[in-house]
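Heads up, the thing below is written out as structure tokens.
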Amino acid sequence: MVLVKLTINGKEVEVQEGTSILKAAEQAGVDIPRLCYDDSLEPVGACRLCIVEVKGARNLVPSCVTAVSPGMVVETESPKVIKSRRMTLDLLLSNHPLECLTCDKNGDCRLQDYAYLYDVKHSSFEGEKNNYTIDDSNPYIIRDMNKCILCGKCVRTCAQVKERQVINFANRGFNTKIAPAMDTLLAESACVSCARCLVVCPVGALTYKNLAGKGRTYEIKKEQVTCFFCDAGCQFDLNYKGDNVIGVTARAPGEGRPLCLKGRLGMELLYSDHPQPPMLKKDDKFVEVSWAEALGLESVLDKLMEQEKK
Ligand code: SF4
Ligand code: SF4
Ligand code: SF4
């Protein structure tokens, strides 16, 4: 293993060759802001928030896609870096509704966190804002593309499971947005409601319908459970408000885990205090179904009934 020595914010760090500056900083206990980066995804260096100053480099560099080199001297919070991050946030807020008061992501939103950290209260740019209709066609997911910051994490996450790849970037320039093929409603697409994209979305663009308005993020305590329906062993969170489980959410889509709807519904039935009736797609339309059908247990139950009759 070849080790590389560099300096980050005046502190000497030694990391493995090929490590990104962002990960090297993490090892040194320095947190670099990021919106499009996730440990479970290939870094793309798109959001420009993780930029840092490297001594001798002509421009600021995106730390998630820049590898360390011997003797590198990095500053992660220099005046130049802060100015650039403030400009990036300013531009993002120029086309973002300032609805934090009622947004279900309030308290768990990276854009909000960084706007606070860098004291960007509103945008200095005036101009048109997107005004997309909120897509709540899917019984489990709300998509508000007005809040989307086009980080692409949902697209890359959905595509991790080959047969899905449901959403992608559509249109260009100001009209760029994330959409299913042919820009249909989510309910009309091939989406399997796994919620992997919700786990990684850093803002309030993708949220759980069953949790809407049920509690602020800071009122909710989470407890991890592991699904036992198949060998994948996906992890879910029970969301407690007080003593009640108000809903189950998916977590950590890494390692290619499917985080399937069946697993999440199963956890809902087992743990939620008031599980909502399950909905499955039939003839391209979502309809309410029995729990046995939702969990794929109908044939098992039929068999049991037959045995009991004998
Ligand atoms: S997505 Fe974040 S910044 Fe936008 S309204 Fe919601 S909490 Fe506020
Ligand atoms: S819920 Fe799952 S299948 Fe649907 S868009 Fe999100 S990641 Fe893709
Ligand atoms: S919906 Fe969320 S995860 Fe997807 S691009 Fe927009 S902000 Fe990023």
Side-chain angles (χ1 to χ4, degrees), residues 104 133-145 154-155 157-168 178-201 205-214 222 224-239 244-253 256-306:
D104 272 309
T133 306
I134 294 173
D135 178 2
D136 64 353
S137 58
N138 179 295
Y140 305 102
I141 297 167
I142 301 175
R143 296 177 76 243
D144 182 353
M145 288 303 103
C154 56
V155 174
T157 300
C158 187
Q160 276 180 331
V161 181
K162 273 207 175 65
E163 60 278 17
R164 295 187 186 162
Q165 306 190 33
V166 176
I167 42 176
N168 211 334
I178 306 296
M182 311 302 287
D183 201 1
T184 59
L185 293 171
L186 196 61
E188 292 165 11
S189 73
C191 170
V192 295
S193 310
C194 67
R196 298 174 97 252
C197 52
L198 274 71
V199 182
V200 295
C201 182
L206 300 173
T207 50
Y208 287 94
K209 209 173 195 174
N210 63 340
L211 288 178
K214 281 201 186 160
K222 291 181 187 280
Q224 196 174 322
V225 286
T226 303
C227 176
F228 46 79
F229 279 99
C230 79
D231 289 345
C234 297
Q235 316 257 287
F236 293 92
D237 275 331
L238 308 182
N239 290 250
N244 295 328
V245 176
I246 57 171
V248 176
T249 50
R251 62 179 286 148
R257 292 219 163 98
L259 293 177
C260 73
L261 176 62
K262 178 178 155 185
R264 201 170 76 249
L265 288 177
M267 299 301 108
E268 284 276 355
L269 178 64
L270 276 178
Y271 299 107
S272 270
D273 285 279
H274 301 288
Q276 286 174 11
M279 308 274 283
L280 288 188
K281 228 176 187 183
K282 287 187 175 179
D283 297 328
D284 289 336
K285 282 213 162 62
F286 277 102
V287 291
E288 196 176 315
V289 296
S290 68
W291 281 102
E293 187 175 351
L295 303 180
L297 297 173
E298 274 188 322
S299 51
V300 179
L301 287 180
D302 287 348
K303 194 94 185 164
L304 275 175
M305 303 266 265
E306 264 174 42

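Sequence positions, counted from 1, serve as the residue numbers for this chain.
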Pairwise distance [atom1]([X]) to [atom2]([Y]) - rounded to 0.5 angstrom:
| X | Y | atom1 | atom2 | value |
| --- | --- | --- | --- | --- |
| Ile142 | Asp135 | CD1 | CG | 9.5 Å |
| Asn210 | Ile141 | CG | CD1 | 10.0 Å |
| Asp136 | Arg143 | CG | CZ | 11.5 Å |
| Thr249 | Asn239 | OG1 | CG | 4.0 Å |

Kindly list each side-chain donor-acceptor pair under 3.5 angstrom involving residues 186-193, sequence neighbours excluded, with atom names and distances?
| residue | atom | partner | partner atom | Å |
| --- | --- | --- | --- | --- |
| Ser189 | OG | Leu186 | O | 2.7 |
| Ser189 | OG | Cys191 | N | 3.1 |
| Ser193 | OG | Asn138 | ND2 | 3.0 |

Going by the rule side-chain hydrogen bond (donor to acceptor under 3.5 Å, both in side chains), which residues pair with [X] if we only count those two or more places apart in sequence or in a different chain?
| X | value |
| --- | --- |
| Thr226 | Gln235 |
| Asp144 | Asn146 |
| Arg164 | none |
| Thr184 | none |

Residues Leu259, Arg264; criterion side chain to side chain contact (heavy atoms under 4.5 Å, CB included); working and verdict
CA-CA 7 Å; Leu259 293 177; Arg264 201 170 76 249; over 6 Å; no
Smallest separation among heavy atoms of [X] and [Y], with atom names:
| X | Y | result |
| --- | --- | --- |
| Pro258 | Cys194 | O-CB, 3.7 Å |
| Ser137 | Leu185 | OG-CB, 3.5 Å |
| Cys197 | Ile167 | CB-CD1, 4.4 Å |
| Gly263 | Phe236 | C-CZ, 4.0 Å |
| Lys222 | Asp237 | CD-OD2, 3.5 Å |
| Phe229 | Gly266 | CE1-CA, 3.7 Å |

When you compare the side chain of [Y] with that of [X], does any pair of heavy atoms fall below 4.5 Å?
| X | Y | value |
| --- | --- | --- |
| Val248 | Leu270 | no |
| Trp291 | Leu297 | no |
| Leu198 | Tyr140 | no |

Using only atom types and a distance under 3.5 Å, with no angle test, would you say the side chain of Arg196 pairs donor to acceptor with the backbone of Ala250?
no
Just by distance, do the side chain of Asn244 and the backbone of Ile246 share a donor-acceptor pair under 3.5 Å?
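Judged by distance alone, no pair lies under 3.5 Å.
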Which pairs pass salt bridge (Lys or Arg N to Asp or Glu O under 4.0 Å) with one or both residues in residues 279-294, sequence neighbours excluded?
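Every salt bridge (Lys or Arg N to Asp or Glu O under 4.0 Å) pair that includes a residue of residues 279-294, provided the two are not neighbours, is Lys282-Glu293.
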Please collect all salt bridge (Lys or Arg N to Asp or Glu O under 4.0 Å) contacts where either partner lies in residues 268-278, sequence neighbours excluded, each pair once.
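Of all non-adjacent pairs touching residues 268-278, none passes salt bridge (Lys or Arg N to Asp or Glu O under 4.0 Å).
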So, using side chain to side chain contact (heavy atoms under 4.5 Å, CB included) as the criterion, who are the partners of [X] when residues are at least two apart?
| X | answer |
| --- | --- |
| Val200 | Asp38, Lys153, Thr157, Pro253 |
| Ala292 | Ser290, Glu298, Leu301 |
| Cys201 | Val203, Ala205, Leu206 |
| Ala159 | Gln165 |

What residues, two or more places apart in sequence or in another chain, satisfy salt bridge (charged side-chain N to carboxylate O under 4.0 Å, His left out) together with Asp104?
none
